[in-house]
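Below: one structure, written as structure tokens.
Nothing fancy with the numbering, it's 1 onward along the sequence.
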Amino acid sequence: CVSMPSRLRRWRIILLQSASWSRLMASVNWTPCSSAFLRPCLPERVVEWQHTGAQTGEPDRDRLPRRKSRKVGLLLPSASALSMRIADLLPIVINLCRFRGGPQDIPYRPSLLLGLLIASIALDLVSAELLGVSEAALGRSLFSTGLLLSLCWLALRICGFASRYVQTASALVACSIVFSLLIVPLALLFGHAPAEQSTVSPAQALVAWLGLLVLVWKIAVDGFVVRHAINAPYWLGFSLAMAWTVADFALSRVLFAPPA
């Protein structure tokens, strides 16, 4: 037979354990998943995509071999480091273009974002030179890039995910480079636009439709990236990407229109 003090101590231990479990469950954010059940999620500040070597237990890839410039004394990435970074980034970007993964798969490296921006602007200048539209090409490229970065930061800031900016912007710029590499050959195949629409050849019409499909594909991928970045439905991400594309096109036509 258990005495009364022993029973009281046992019930006291059970009540303390229940209170501790209740506080633990209250500190966890519960969000709905794809099934009909609920699953606990870590607090948002823990899953902000910023994964470094200290957090994951892996070596920090930003600390890659570097070479020292003799002229200015700067530490620049070596050729092997750059090739290693491109080899790691290319499969992630391809998966994004196939609507797989998300911008959280992009490494958190501001230096990577800077390199992608330089590559994107350089590609725009080369493409403009090949297509014979090099007039104000640098201004157009800088304006489009700045508008994309600004609107991306504004959307993340409003939704409370400003810490995801580097990875989201890197994903958008990297995918933009891929689609630019697809659009330029189509533009070269199309050739010069005829003076009258009725004189467009069947081959040019086919190339134009292919270019339109690539543009829709790009907007869809941008919406996919934005949807993951702000934790929103896909239709909202696609709408934002469409609005950004229309704003870029309209403002570029106004600011960089050729003189009459």
Residue pair [X] / [Y]: nearest heavy atoms and the distance that separates them:
X: L172; Y: D222; answer: CD2-OD1, 3.6 Å
X: I230; Y: F161; answer: O-CE1, 3.6 Å
X: K218; Y: S176; answer: CE-OG, 4.1 Å
X: P107; Y: Q167; answer: O-CG, 4.1 Å
X: G101; Y: L96; answer: C-CD2, 4.4 Å
X: Q204; Y: F190; answer: NE2-O, 2.8 Å

For this session: Might you work through the side-chain contact (heavy atoms from CB on, under 4.5 Å) test for L123 and I177, ending with a clear yes or no?
Result: CA-CA 8 Å; L123 179 60; I177 292 175; 4.0 Å; yes

Interatomic spacing from [atom1] in [X] to [atom2] in [Y] - rounded to 0.5 Å:
X: L125; Y: L130; atom1: CG; atom2: CG; result: 11.0 Å
X: L182; Y: L215; atom1: CG; atom2: CG; result: 12.0 Å
X: I94; Y: R100; atom1: CD1; atom2: CZ; result: 11.5 Å
X: N231; Y: L236; atom1: CG; atom2: CG; result: 11.5 Å
X: I219; Y: M242; atom1: CD1; atom2: CE; result: 4.0 Å
X: S127; Y: L181; atom1: OG; atom2: CG; result: 7.5 Å

Short side-chain to backbone donor-acceptor contact, [X] and [Y], under 3.5 Å:
X: T245; Y: A241; value: yes
X: S120; Y: L116; value: no
X: W217; Y: C97; value: yes
X: N95; Y: I92; value: no
X: Y234; Y: A220; value: yes
X: S239; Y: W235; value: yes

Are [Y] and [X] connected into the same hydrophobic cluster when the rule is that any two of I, L, V, M, F, W, Y join if their side-chain heavy atoms are below 4.5 Å apart?
X: L148; Y: V246; result: yes
X: I183; Y: V173; result: yes
X: I121; Y: L113; result: no
X: L149; Y: W153; result: yes
X: L189; Y: V214; result: yes

4.5 Å side-chain heavy-atom contact, [X] and [Y]:
X: L156; Y: C152; value: yes
X: R109; Y: L89; value: no
X: L147; Y: W244; value: no
X: V178; Y: V221; value: no
X: T145; Y: L117; value: yes
X: D248; Y: F143; value: yes

Exercise. Stepwise, does the side-chain contact (heavy atoms from CB on, under 4.5 Å) test hold for V166 with L112?
Worked result: CA-CA 9 Å; V166 172; L112 174 62; over 6 Å; no

For this session: Mind checking side chain to side chain contact (heavy atoms under 4.5 Å, CB included) for L154 and listing every partner two or more places apart, or none if nothing turns up?
Result: I158

